[in-house]
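Only one structure is covered here, and it is reproduced in the block below.
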Amino acid sequence: MDALRVEGLYKRYGATTAVNGVDLVVPEGEIFGILGPNGSGKTTTVECAYGLRAADAGRIRVFGADPQSDPDRVGRLVGTQLQDSALPDRITVGEAVHLFAAVAGGPVDEARVLVKWGLTGKRRAKFGSLSGGQRQRLFVALALLGRPRLVFLDEMTTGLDPGARREVWRLVEEIRREGTTVVLVTHFMDEAERLCDRVAVIVNGRVRAVGTPAGLVGQYGGGLRVRFTAPLDLDRAKLAVLPGATSVDRHGEVCEVRGHGALVTALGHQLTIDGHGDVELHVHPASLEDAYVAIVGAATEVR
Ligand SMILES: Nc1ncnc2c1ncn2[C@@H]1O[C@H](COP(=O)(O)OP(=O)(O)OP(=O)(O)O)[C@@H](O)[C@H]1O
Ligand SMILES: [Mg+2]
């Protein structure tokens, strides 16, 4: 069964159309990423999917249940760490875990949760006294407390230090192994590439591309980039017509040639013929960021 199905989701706030016909299908067991520019409707989509907001139009099913007509059932299946979550300043970390454990229902080893999330030393600390990263960690921990079958994590690693980010990634992979489906909103391309089985790119309230990170890179990434320090007498026009080359740019001293397939050998060969055989070529494969920029660029051009 699909963990989440969103069909034709539409949501307005006054004159703003936040979500403009989003379709998403997330099979059980997947880590699914949602990417997109600020204000493109990611959080709104997730909030509707969870039942926190009512959609203006469209159909949402969480393991077959409608979050609007069956909120209790959906509430039991879903955990959330929403963007801009908040707790009262005076609640302690230990109390928050205790409270959320009670709401989540099933048995929760509260001490183990604190150890797992590196919050043991903060058990008696008030929420208002936590650093940004500690708050973030607490929210992710709370979202996962009841071992939900589907969890929404909205910018879960924003504000975390690099070590904590890696730790959260590891924990997300772990909960997936335990059977939880994960929907992850993120602005970090490395996070999406590393964690997600598939990602959707939402621009202006609409899904513009869906696929595996590798699939999107292949389709939209624009091939690899070869960078080298340009010799003074470099003939750029010659490089532009090399087999596989799609573009040649120069940023200061650095020349960047983009393209596919045979480009690297052809470029090396040409430079050698021209007496620049000692130039060091740095080859960078296309990344999810390249694909993302291309997808967002194409979507905003047509508007
Ligand atoms: N409660 C609200 N009232 C009015 N407008 C809202 C509200 N929440 C969101 N919006 C608007 O809806 C649009 C989509 O917002 P949303 O929060 O879904 O974007 P997002 O993709 O999550 O952005 P970000 O990457 O910045 O978190 C924006 O134009 C935003 O200003
Ligand atoms: Mg958001």
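All of these numbers come straight from a predicted model, not from anything done at the bench. Numbering of ligands and ligand atoms starts at 1, following listing order.
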Quick one: which ligand 1 atoms are inside 4.0 Å of a heavy atom on [X]?
X      : result
Ser40  : 19 (O), 20 (P), 21 (O)
Gly41  : 14 (C), 18 (O), 19 (O), 20 (P), 21 (O)
His187 : 25 (O)
Arg53  : 1 (N)
Thr16  : 29 (O)

Does [X] have a heavy atom less than 4.0 Å from any atom of ligand 1?
X      : answer
Glu155 : yes
Gly36  : no
Glu47  : no

Under 3.5 Å: donor-acceptor pair, side chain of Thr16, backbone of Ala18 | no
N/O/S of Thr44 less than 2.8 Å from the Mg ion (ligand 2)?
no
Q.
Is it the case that atom CZ in Arg250 sees more than 12 heavy atoms from other parts of the structure closer than 6.0 Å?
A. yes
What do you reckon, is NZ of Lys126 surrounded by more than 12 foreign heavy atoms closer than 6.0 Å? no
side-chain hydrogen bond (donor to acceptor under 3.5 Å, both in side chains) pairs touching residues 4-15, sequence neighbours excluded, are Asp2-Arg5, Arg5-Glu7, Tyr13-Thr44, Tyr13-Arg53
His251-Glu256 side chain donor-acceptor pair, cut-off 3.5 Å:
no
Among Asn38, Thr44, Thr17, Ile34, closest by heavy atom to atom 16 (P) of ligand 1 is Thr44
Aromatic ring proximity, centroids under 6.0 angstrom, Phe139 and Phe127: yes
If you measure every N or O of Thr43 against every N or O of ligand 1, does any of those distances drop under 3.5 Å? yes
Rounding to 0.5 Å, atoms OG1 (Thr229) and CG (Asp278) come to a distance of 10.5 Å
Item to complete: Please determine if Glu173 and Arg194 form a salt bridge, counting it only when a charged side-chain N lies under 4.0 Å from a carboxylate O.
Response: yes
Short version for Arg12: what comes under 4.0 Å of ligand 1, heavy atoms counted, is neither
